[in-house]
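Because only heavy atoms are used, hydrogens play no part in the values below, and waters and symmetry mates are left out as well, while side chains stay in. Because the structure is a prediction, the values reported are computed rather than measured.
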Amino acid sequence: MVKRLALANPSIGIELYEHLPQKSPRQILRFDAETELFDGRALSRLGRTVGKEFPGSSVWIDAKRDEITLNGHISLPTYTRGTASSQFCS
């Protein structure tokens with residue numbers, strides 16, 4: 001859920017901590033606010049969220065047909081994963 005929020009809001013910094021009784025809080029995730037956007041897309045956050053190889057192994061899609069719009073990054077056929085764990089749609 002936190003990764004989905006990070007992808008949907010790249011201009012906002014997000015930190016996730018684990019708080020256990022009688023222990024110091026432990027940082028689990030950290031996403032700094034993105035200040036550098038490429039065509040409105042935060043490629044560095046995408047790389048930190050999905051995988052550092054993904055931005056260079058993906059293409060930007062921006063298509064519209066009738067009343068349906070599809071845009072986002074999609075991986076090239078050479079970049080695959082065994083699970084759907086890094087598939088994000090909104």
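- Through side-chain heavy atoms spaced under 4.5 Å, either directly or across other Ile, Leu, Val, Met, Phe, Trp or Tyr residues, L20 is tied to no other residue.
- Residues A33 and S11 approach most closely at CB-O, 3.4 Å, considering heavy atoms.
- Every side-chain contact (heavy atoms from CB on, under 4.5 Å) that D62 has, sequence neighbours left out, goes to W60, N71.
- Every residue two or more places apart in sequence or in another chain that forms a side-chain hydrogen bond (donor to acceptor under 3.5 Å, both in side chains) with D32 is listed here: R30.
- To the nearest 0.5 Å, the span separating CD1 on I12 from CG on L5 amounts to 9.0 Å.
- The ring pair (Phe, Tyr, Trp, His ring centres under 6.0 Å) test applied to F54 returns Y79, not counting sequence neighbours.
- Here L29 pairs with V2, L16, F31 under the side-chain contact (heavy atoms from CB on, under 4.5 Å) rule; sequence neighbours left out.
- R26 pairs by the salt bridge (charged side-chain N to carboxylate O under 4.0 Å, His left out) definition with E18, not counting sequence neighbours.
- Among pairs with a residue in residues 42-60, those fulfilling salt bridge (Lys or Arg N to Asp or Glu O under 4.0 Å) read E34-R48, at least two apart in sequence or across chains.
- Closest heavy-atom contact between L7 and L46: CD2-CD1, 3.8 Å.
- Using a 4.5 Å cut-off between side-chain heavy atoms of Ile, Leu, Val, Met, Phe, Trp and Tyr, V59 falls into a hydrophobic cluster with I61, L70, I74, L76.
- Annotation: side-chain contact (heavy atoms from CB on, under 4.5 Å) contacts of I68 (sequence neighbours excluded): none.
- In terms of the side-chain hydrogen bond (donor to acceptor under 3.5 Å, both in side chains) criterion, residue partners of S58 (sequence neighbours excluded) are, by chain and number, H73.
- Other residues sharing a hydrophobic cluster with Y17 under the 4.5 Å side-chain heavy-atom criterion for ILVMFWY residues do not exist; the residue is a singleton.
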